[in-house]
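Working notes for the structure below.
One-based numbering along the sequence shown.
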Amino acid sequence: MNKIYPSAAAALQGIVSDGQLLAVGGFGLCGIPEALIAALRDSGVKDLSVISNNAGVDGFGLGQLLETRQIKKMISSYVGENKEFERQYLAKELELEFTPQGTLAEKLRAGGAGIPAFYTRTGVGTLVAEGKELRVFEDGHTYVMERALNPDVSLVKAWKADKSGNLLFRRTARNFNPAVAMAGKLTVVEVEELVETGSIDPDSVHLPGIYVHRIVVNASPEKRIEKRTLTVKGEK
């Protein structure tokens, strides 16, 4: 089975459509599938529900899809650094399912593992638990039931893949990406380097190719990152 596609647009062709539930890997701007997000924007699909740790920044990452009004709902844990996100949410133009970061990661992991739901103490007594099943266990604590996430399509960024889809992630980019890849019914991966099957030591594989359906190479991503700004003591 050939998993290699000549472009991000070709990799998304025939599998993305209006109203889908999508998951996108990355943490902030680190490890986001830049080319796939741009191709998704250019595809014109709309009314998307998107699972992601955050929504990028204005004009980059998922922020591009907010500007074009292609996202109707975000399922995320961090909503800062994006003024358009804030504007749409406060104007009730954008739905938000606010999810604690650890819970979001576990909802994706559970989806990939075939676990339909789990219980956690995180969020009990807050708006996060509103409308959800609560249960008291033998330890006397109240837990909220969280359902797994199974996106129709997952968009993932990895550093290297072989032609069978076995993946290596580089440093901090190994954040939400593995869980997002495992949870998706169809997973498309953007990589910087593609090698022959068998070239990667099996002990070095971070995610096996069974979870990967399509691969596109983006050898020179922009890789924007948030940067810490320091003020030297004594300066104004």
Side-chain angles (χ1 to χ4, degrees), residues 1-17 20-27 30-37 39-40 48-53 61-62 75-77 99 101-118 146-219 221:
M1 176 181 176
N2 179 29
K3 298 182 178 182
I4 315 305
Y5 284 73
S7 68
L12 296 184
Q13 189 171 6
I15 62 170
V16 294
S17 58
Q20 282 183 317
L21 176 63
L22 272 65
V24 180
F27 186 92
C30 178
I32 63 170
E34 300 172 20
L36 289 172
I37 292 172
L40 185 63
L48 300 173
S49 295
V50 179
I51 306 158
S52 184
N53 177 66
L62 289 175
I75 302 171
S76 57
S77 60
T99 308
Q101 189 164 272
T103 301
L104 182 63
E106 184 64 6
K107 284 164 75 76
L108 288 162
R109 191 201 69 82
I115 299 169
F118 60 92
E146 294 283 359
R147 296 186 179 276
L149 291 169
N150 290 111
D152 298 306
V153 177
S154 286
L155 306 182
V156 171
K157 168 66 184 290
W159 168 49
K160 182 185 292 189
D162 67 19
K163 292 183 177 180
S164 294
N166 298 303
L167 303 181
L168 274 73
F169 301 93
R170 194 164 187 267
R171 296 177 178 163
T172 313
R174 189 180 175 184
N175 39 54
F176 276 85
N177 278 300
V180 167
M182 292 174 65
K185 297 173 185 175
L186 279 168
T187 295
V188 186
V189 181
E190 174 183 329
V191 300
E192 296 177 44
E193 186 176 342
L194 181 67
V195 298
E196 294 295 329
T197 298
S199 299
I200 301 173
D201 184 335
D203 284 339
S204 299
V205 172
H206 295 149
L207 190 76
I210 191 172
Y211 294 107
V212 176
H213 302 89
R214 299 186 177 191
I215 303 167
V216 63
V217 177
N218 178 17

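The two residues K160 and V191 have their closest heavy-atom pair at C-CG1, 4.3 Å. Considering every non-hydrogen atom in both L104 and S76, the closest pair reads CD2-CA, 4.3 Å. Closest non-hydrogen pair, C30 versus A173, comes out as SG-N, 3.8 Å. Across all their heavy atoms, I200 and A161 have their closest contact at CD1-C, 4.2 Å. The heavy-atom pair separating G114 from P116 by the smallest distance is O-CD, 3.6 Å. A pairwise comparison of heavy atoms in P151 and A23 identifies CG-CB, 3.6 Å as the closest pair.
A side-chain donor-acceptor contact under 3.5 Å links T187 to the backbone of A181. Proximity of a side-chain donor or acceptor of D162 to a complementary backbone N or O of V195 within less than 3.5 Å is not detected. Side chain of K107 to backbone of R147: a donor-acceptor contact under 3.5 angstrom is found. Between the side chain of N177 and the main chain of F169, no donor-acceptor pair closer than 3.5 Å is present. Under a 3.5 Å cut-off, the side chain of E34 and the backbone N or O of E190 do not form any donor-acceptor pair. For S164 (side chain) and T197 (main-chain N/O), no donor-acceptor pair under 3.5 Å exists by modelled atom type. Side chain of N175 to main chain of T172: a donor-acceptor pair is present (N/O by atom type, distance under 3.5 Å, no hydrogens or angles). With hydrogens and angles disregarded, a donor-acceptor distance shorter than 3.5 Å links the side chain of N166 to the backbone of G209. In this structure, R214 contributes its side chain and A11 its backbone to a donor-acceptor pair below 3.5 Å. Of the possible donor and acceptor atoms, one in the side chain of S154 sits under 3.5 Å from a partner among the backbone N and O of V180.
Rounding to the nearest 0.5 Å places CG of L149 at 5.5 Å from CD1 of I75. Note that CG of D152 is 8.5 Å distant from CG of L186, once rounded to the nearest 0.5 Å. The CG atom of L168 lies 9.5 Å from the CD atom of E193; values are rounded to the nearest 0.5 Å.
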* Might you work through the side chain to side chain contact (heavy atoms under 4.5 Å, CB included) test for K3 and I215, ending with a clear yes or no? => CA-CA 6 Å; K3 298 182 178 182; I215 303 167; 4.2 Å; yes
* Apply side chain to side chain contact (heavy atoms under 4.5 Å, CB included) to the pair V24 and L36, showing each step before the final yes or no. => CA-CA 9 Å; V24 180; L36 289 172; over 6 Å; no
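F118 places a side-chain heavy atom less than 4.5 Å from the side chain of T103. You'll find the side chain of L155 reaches within 4.5 Å of the side chain of L12, heavy atoms only. The shortest side-chain heavy-atom distance between S77 and N53 falls under the 4.5 Å cut-off. Taking 4.5 Å as the limit, every side-chain heavy atom of E106 sits out of range of all side-chain heavy atoms of E146. L40 places a side-chain heavy atom less than 4.5 Å from the side chain of L48. Side chains of L194 and K163 form a contact here, defined as non-hydrogen atoms less than 4.5 Å apart.
Under 4.0 Å is where a charged nitrogen must lie from a carboxylate oxygen, and between E192 and K157 at least one such pair does.
The 12-atom threshold is exceeded at CD1 of I4, counting heavy atoms of other residues, nucleotides or ligands nearer than 6.0 Å.
The only option from I32, V189, V188 that meets the side-chain contact (heavy atoms from CB on, under 4.5 Å) definition with V156 turns out to be V189.
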